[in-house]
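Source: prediction; values computed, not measured.
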Amino acid sequence: LRSHALRFEQQAAELDAIMQKALELRRTRIMTTLDADKDGAITEAELDKFVAAMFNEADADRDGGVTIEEAQNFKVSAWKRARLAATGGN
């Protein structure tokens with residue numbers, strides 16, 4: 001029983017390390033995406049520009065609102081187009 005507990009603790013620690021690495025990679029990707037001028041900080045203007053670009057991509061019928069259906073249809077490719085629009089293609 002003790003060896004199973006030790007193995008479980010080891011596996012939990014390994015899983016935690018993997019998840020921490022994944023979170024760090026995600027944070028880095030988000031910072032890189034949103035920091036349009038690449039100065040190491042995200043400004044409110046950069047964030048607003050990105051959110052507006054995502055909203056515009058999601059608003060398929062251009063009625064000024066995003067329905068549940070439009071949100072569900074918002075694909076990764078549209079997210080990438082929004083990112084390019086927000087960062088000027090960088």
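For the pair Glu57 (side chain) and Met54 (backbone), a donor-acceptor distance under 3.5 Å is absent. Judged purely by atom type and a 3.5 angstrom limit, Lys38 uses its side chain to pair as donor or acceptor with the backbone of Thr32. When atom types are taken as modelled, the side chain of Glu70 and the backbone of Asp59 share no donor-acceptor pair closer than 3.5 angstrom. Using a distance-only test at 3.5 Å, with no hydrogens or angles considered, no donor-acceptor pair links the side chain of Asp35 to the main chain of Met31. With hydrogens and angles ignored, the 3.5 Å screen pairs no side-chain donor or acceptor of Asp48 with any backbone N or O of Ala52. In this structure, the side chain of Asn73 engages the main chain of Glu69 through a donor-acceptor pair within 3.5 Å. The closest donor-acceptor contact from the side chain of Arg26 to the backbone of Lys21 lies at 3.5 Å or more, if one exists at all.
The CZ atom of Arg27 sits 12.0 Å away from the CZ atom of Arg29 when rounded to the nearest 0.5 Å. Between the CZ atom in Phe74 and the CZ atom in Phe55 there is a gap of 11.0 Å [rounded to 0.5 Å]. One distance of note links NZ of Lys49 with OG1 of Thr43; it measures 10.0 Å at 0.5 Å rounding. Separating the CD atom in Gln11 from the CD1 atom in Ile18 is a distance of 10.5 Å, to the nearest 0.5 Å. Ile42 contributes atom CD1, which lies 7.0 Å from atom CG of Leu47 (distance to the nearest 0.5 angstrom).
Taking a 6.0 Å sphere around CD1 of Ile68, one finds it holds 12 or fewer heavy atoms contributed by other residues, nucleotides or ligands.
You'll find the side chain of Gln10 stays beyond 4.5 Å of the side chain of Leu6, heavy atoms only.
Partners of Glu14 according to the side-chain hydrogen bond (donor to acceptor under 3.5 Å, both in side chains) rule, which considers only residues two or more places apart in sequence or in another chain, do not exist here.
Both Ile30 and Phe50 sit in one connected hydrophobic cluster of ILVMFWY residues. Membership requires side-chain heavy atoms under 4.5 Å apart, directly or through other members.
Members clustered with Met19: Leu15, by chain and number, using a 4.5 Å side-chain heavy-atom cutoff among hydrophobic residues.
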